Amino acid sequence: MNILKLKKIRKHFNGVLALDNLSLDIKAEGITGIVGPNGSGKTTLINILSGCESLDGGTIIIDDSLRSKKMRAYENSIFGITRTFQEIRLFEQMTVLDNVLVVLTEKNVLGAIFEKHGEYHLMKAEELLKVVNLWEKRNELAINLSYGQRKLLEITRALSTDAKIYLFDEPFAGLFPEMIKTVMKIIKKLKEEGKTVILVEHNMLLMRELCDEIVVMDNGKLLSKGKPEEVLNKKKVLDVYLGK
Amino acid sequence: MEYFIHIGIVFFIYAILAVSLNLVVGYTGLLSLAHAAFFGIGAYATAILLTKYNINFFVSAGVGMGLAGMASLFIGIVLSKFKDDYYALASLGFNVIVCSFFINLDSITGGVIGIPGIKKPSFFGLEIHSNFAYLILALVFFVIIFLVSRFIVQSSFGRALRAIRDDENALAVFGYKVLNFKLVIFVISAMMAAIAGSLFASYITYIDPSIFTITESVFILTIIILGGLSSLRGSLLGALFLILLPEYLRILGLPNDTAAQVRQIIYGLALIFLMLYRPKGLVGEYEMK
Ligand SMILES: Nc1ncnc2c1ncn2[C@@H]1O[C@H](COP(=O)(O)OP(=O)(O)OP(=O)(O)O)[C@@H](O)[C@H]1O
Ligand SMILES: [Mg+2]
């Protein structure tokens, strides 16, 4: 079953066509990798899917309901979407724990005023933060963590939602091998739980190991799509990557 | 003794103003310079209702809160279209507009002359005459507002405000309707400032539009930057320090008009010094970018 259906989506930034009539279906309950040279529109695609950018044209259907053109990021919780950012965007002057709690607690204004986080939220945060070895650091400000720890915290924040679709924009970039293993484990576990993962990544070794399907983008267009071993050996894909 | 009581009353009024502004500037990261406008709305509501219509102080304070709430809702919606420096500038503009209402609606506000002879509050027929009784009244209001503010910043709502300050677009990704949060805190803050205005008007017994100009907004901002953004205790410390400043100068024996100028210079220097060497203020937790 396809959980995401994109039909002829278009997005431009003053003259640059970042997404050029891109049509794409993405299967539920698996890991789909998105690869492509710098500037091919991968991040723009993630931004559009998560309501962070508006669409110029085309339609997006998520789980059989239409996502309106006028994107609103807060609707992600309705569509069951969560994400990380390529350039880390944490709540920097908040503690590690608060970065997770803010996603776990009440999001309605009135409800939030009369709620303090409870035992339940703390237990959940502890469980999530222990996976990435950040529970010990829970009272440090996010801004004071190392790069890798910040990256892991962002992933943990995304996991704190109860989403069905996880959009990860280069989650491995700049990580040490030990941390890469942790993130691999997290992503594999999401798949086991029946979630849909969309993964943007330049490291082809990781992509081969993780992905059920790979989408190759070039200049905002779909270049190729299929099983990793097929797609990554195609001549036109290699050409795009190695320079024609 | 009377003198200390006077300082105490003024301190509580400014502590209310500072704590409430800190909710917006320090916790939510919205650099509002319109706080004196809401202070003024509360002061005028009480001055007019108490003096001209003999309406109970507490009712007049409630009306002031209501008016400030409505004005701030409207202003907050317009300000939500702006970011950063433009937000600050636009908020200054609103302060000027509200002041011009105080000046131009002269049939009810007394124009530039203002409203003299404002009465003291009365409580079940008991008029609050002595300054000591007034100190207690101001203290009670201050404690309530401080506790409400603390309740807010420690709630899930308060955590969301700090997240808005750090990265509102990232917060929206996780299902928050950020605009609602910003409007609610802006309105709450304005209503608190209106209470400070009601207390101020009936204590000083005389108000005019020159009290509620942007200079006053900048003064309140200086208090919270000095004390520290995102720290309620800091706001109290900042208020204490700046309220007492003119008194030190008096002790130094400067003549009054020189003292006033020296004071302005010290406020300015203090701000510049803080920005350079201690951007977190005395006890603050958040550094302004
Ligand atoms: N906010 C923006 N304003 C202007 N141009 C943009 C903006 N965002 C993206 N672009 C442009 O759109 C194109 C696609 O960018 P995008 O970030 O989606 O690429 P990418 O595939 O994620 O690249 P990378 O591998 O370097 O992360 C690029 O030409 C980029 O310069
Ligand atoms: Mg990118």
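Letters A, B, ... are given to chains in the order of the sequence lines, protein chains preceding strands, and every chain is numbered from 1. Values reported hereafter were calculated over all heavy atoms of this structure, with side chains retained and with hydrogens, waters and symmetry mates removed. In this text the structure is predicted, and so the values were computed from the model without any measurement.
- Remark: A:Arg138 CZ is packed, more than 12 non-hydrogen atoms of other residues, nucleotides or ligands lying under 6.0 Å away.
- Of all heavy-atom pairs spanning A:Phe91 and B:Ala163, the tightest one is CD2-O, 3.5 Å.
- Within 6.0 Å of the CG atom in A:Asp162, the count of heavy atoms belonging to other residues, nucleotides or ligands does not exceed 12.
- The contact between B:Leu171 and chain A is made by backbone and side chain atoms together, counting heavy-atom distances below 4.5 Å.
- Interface residue B:Val173: backbone and side-chain heavy atoms are both found under 4.5 Å from chain A.
- Residues of residues 137-158 of chain B lying within less than 4.5 angstrom of chain A, judged on heavy atoms, are B:Phe151, B:Gln154, B:Ser155, B:Ser156, B:Phe157 in numerical order.
- Within a 6.0 Å sphere centred on OH of A:Tyr120, other residues, nucleotides and ligands contribute 12 heavy atoms or fewer.
- Residues A:Glu92 and B:Asp166 come closest through the heavy atom pair N-OD2, 3.2 Å.
- Within residues 73-88 of chain B, no residue has a heavy atom under 4.5 Å from a heavy atom of chain A.
- The environment of B:Lys182 atom NZ is dense: over 12 non-hydrogen atoms of other residues, nucleotides or ligands sit within 6.0 angstrom.
- Counted within 6.0 Å of OH on A:Tyr147, heavy atoms from surrounding residues, nucleotides or ligands total more than 12; the atom is thus considered enclosed.
- Contacts between A:Thr161 and chain B at a heavy-atom distance below 4.5 Å involve the side chain alone, from C-beta outward.
- Taking all atoms of both residues into account, the shortest heavy-atom contact from B:Gly175 to A:Ser77 is CA-OG, 3.6 Å.
- For the atom pair CZ of B:Arg162 and OG1 of A:Thr95, the computed distance is 7.0 Å after rounding to the nearest 0.5 Å.
- Residue A:Glu87 places its CD atom among 12 or fewer non-hydrogen atoms of other residues, nucleotides or ligands, all under 6.0 Å distant.
- Minimum heavy-atom separation, A:Glu106 to B:Tyr176: O-OH, 3.6 Å.
- Your options are B:Asp167, B:Val178, B:Val184, and the one with the most heavy-atom pairs under 4.5 Å with chain A is B:Asp167.
- A:Leu141 does not touch chain B: none of its heavy atoms, backbone or side chain, sits under 4.5 Å away.
- Of the listed residues (A:Leu90, A:Val102, A:Thr105, A:Ile81), the one with the most heavy-atom contacts under 4.5 Å to chain B is A:Val102.
- Ranked by heavy-atom pairs under 4.5 Å with chain B, the first of A:Leu104, A:Thr82, A:Leu101 is A:Leu101.
- In this structure, CZ on B:Phe174 lies 8.5 Å from CG on A:Asn76, to the nearest 0.5 angstrom.
- Expressed to the nearest 0.5 Å, how far CG of B:Asn180 lies from CG of A:Leu110 amounts to 9.5 Å.
- Crowding of B:Lys177 atom NZ: a count of heavy atoms from other residues, nucleotides or ligands under 6.0 Å not exceeding 12.
- With a threshold of 4.5 angstrom between heavy atoms, A:Asn108 approaches chain B through N, CA, C or O but not through any side-chain atom.
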